[in-house]
Amino acid sequence: MGAIDWSKSPKPSNATISFSFEWAMKNLSSGIHPTLPTKQTLKHQGDRLEEWDFSLSTVVSSSANAAVSDALGSIEFDPSNTVVATGGIARNIRIYSLNSLLPEDNIQLLTRGEQNDTAFLDHVNACSFYICTPAKLSSLRWRPGSGGRLLGSGDYDGVVMEYDLERKLPVFERDEHGGRRVWSVDYSHWDPFVGASGSDDGTMQMWDPRCGGEGGECVAKVQPAAARSSVCCVEFSPFGDSLIALGCADRMAYAYDVRKMVEPLHVLEGHTKTVTYVRFVDAQTMVSAGTDGCLKLWNMSDCGLIRTCKGHVNSRSFVGLSVWRHGGLLGCGSENNQVFVYDKRWDEPICARGLEPMARPGFDHAFVSSVCWRQVQEDHCTLLAGGSDGVLQVFVGTKIS
């Protein structure tokens with residue numbers, strides 16, 4: 001996502017909603033209930049151990065003479081965690097094999113605790129293929145259950161599209177946000193055909209391509225704030241329940257039960273500026289990020305604030321937020337061109353690594369614009385970070401015994 005000034009966010013106000021009740025009764029199981037968490041015990045800061053060591057494995061960039069902006073607004077691993085998709089200002093989707101980004105020799109050195117030599121690659125040679133898109137991209141998301149074949153996108157022209165990566169062609173298009181920028185798209189995990197998009201038009205729309213015409217039927221539409229504050233992020237719960245979370249420019253995060261969207265199930269108030277991202281950490285916890293420079297972890301049973309994490313710099317731009325659920329680590333970017341890693345148990349970062357500076361004209365003030373963890377259950381982890389200068393960097397974390 002590109003830079004945008006959220007310094008004058010509107011105050012919270014009443015919401016409006018429309019919802020296809022007949023669709024809900026037909027498609028949603030009444031037996032699904034959100035899991036209720038127990039309160040987490042805060043760990044004293046003095047008990048903290050430095051458990052991870054992060055090394056830069058790979059840097060992927062374009063030609064130093066490239067003059068076209070190539071800010072990376074979105075990075076996503078496919079469900080197999082072996083393929084990576086990126087999208088942004090350059091109006092294309094690049095597809096990479098993880099093997100091309102993270103050579104096996106580097107992995108073996110890092111897992112043995114030995115220093116590796118950083119690999120420097122060019123986008124043209126590193127990516128498997130690319131697909132040109134009609135507009136700048138703000139969001140990508142793989143559709144669950146498609147075997148890594150279908151990839152959804154949201155763009156600056158307010159259009160949601162779905163691409164068949166085997167055919168390298170768009171197979172679905174939806175333009176229902178009045179030409180206003182789509183900031184975020186996601187797919188349901190309980191019904192992978194159902195998607196959602198959040199937009200500058202102040203709405204979150206949930207749609208089902210099996211219903212209605214070519215663009216699918218809008219089965220639910222939420223306007224969290226009467227002032228039509230931008231909906232900056234949407235995410236369905238990946239834990240099998242019926243929750244969907246929104247982050248908005250009215251400084252609020254919301255969670256809805258998709259079976260009954262008359263009003264939000266939770267309203268999470270605490271940020272002092274725009275909420276740019278929301279992510280589910282586990283079945284009991286959600287994290288939100290804002291342009292107030294804070295990450296906030298929430299208890300989803302009672303809307304209680306667990307803790308506020310500070311350390312990164314974020315006052316006006318989308319800098320990315322990702323959760324490695326197996327390891328309990330949070331990754332985010334920063335406007336000082338660093339990647340920050342937080343442990344969900346503590347309120348200070350456990351690691352901050354600057355992106356490798358690349359000499360490109362016009363990019364003297366680059367910042368980290370997107371991040372993504374590889375979701376694997378191992379004692380080493382992989383974090384990808386994209387910059388506003390189009391540079392993609394791969395960090396590998398090794399657990400210190």
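Heavy atoms only: backbone and side chains are in, while hydrogens, waters and symmetry mates are out.
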* To do: Walk me through it: do V194 and R210 pass the test side-chain contact (heavy atoms from CB on, under 4.5 Å)?
  => CA-CA 9 Å; V194 177; R210 298 167 297 185; 4.1 Å; yes
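- For the pair R181 and Y156, the cation-pi test (distance below 6.0 Å, angle within 45°) is passed.
- When side chains are defined from C-beta on, N337 counts as touching V368, because their heavy atoms get closer than 4.5 Å.
- Remark: R143 is positioned above the aromatic ring of F193, its terminal NZ or CZ atom under 6.0 angstrom from the ring centre and at most 45 degrees off the axis.
- Within 6.0 Å of OH in Y130 there are 12 or fewer heavy atoms belonging to other residues, nucleotides or ligands.
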* Verdict with reasoning, M204 to M261, per side-chain contact (heavy atoms from CB on, under 4.5 Å) -> CA-CA 11 Å; M204 182 280 291; M261 296 181 68; 3.4 Å; yes
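- With a 4.5 Å cut-off on side-chain heavy atoms, K344 and T285 do not count as touching.
- Between W52 and F54, the ring planes are tilted. Angles from 30° to 60° get that label.
- Contact check for I95 versus I93: side-chain heavy atoms found under the 4.5 Å cut-off.
- Residues passing the side-chain hydrogen bond (donor to acceptor under 3.5 Å, both in side chains) test with S128: none are found, sequence neighbours excluded.
- By the side-chain hydrogen bond (donor to acceptor under 3.5 Å, both in side chains) test, Y187 pairs with E162, sequence neighbours left out.
- Side-chain contact between V313 and S334 is present, with heavy atoms from C-beta onward closer than 4.5 Å.
- With contacts defined as side-chain heavy-atom distances shorter than 4.5 Å, the pair C218/R174 qualifies.
- Of the charged side-chain nitrogens involved, none lies within less than 4.0 Å of a carboxylate oxygen, so that K310 and D347 do not count as a salt-bridged pair.
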* Working for side-chain contact (heavy atoms from CB on, under 4.5 Å), residues V60 and H123 -> CA-CA 6 Å; V60 189; H123 282 298; 3.4 Å; yes
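- Between F280 and F239, the ring planes lie perpendicular to each other; the angle is over 60°, past the 30° to 60° tilted range.
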* Check the pair D302, H266 against side-chain contact (heavy atoms from CB on, under 4.5 Å), reporting the backbone distance first and the verdict last. => CA-CA 8 Å; D302 59 7; H266 303 299; over 6 Å; no
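- In this structure, F395 and V341 have side chains that are not in contact, with every pair of non-hydrogen atoms separated by 4.5 Å or more.
- For the side chain to side chain contact (heavy atoms under 4.5 Å, CB included) criterion with Y256, the lone passing option out of V262, L265, L246 is L246.
- At least one side-chain heavy atom of F236 sits under 4.5 Å from a side-chain heavy atom of M206.
- You'll find the side chain of L392 stays beyond 4.5 Å of the side chain of R94, heavy atoms only.
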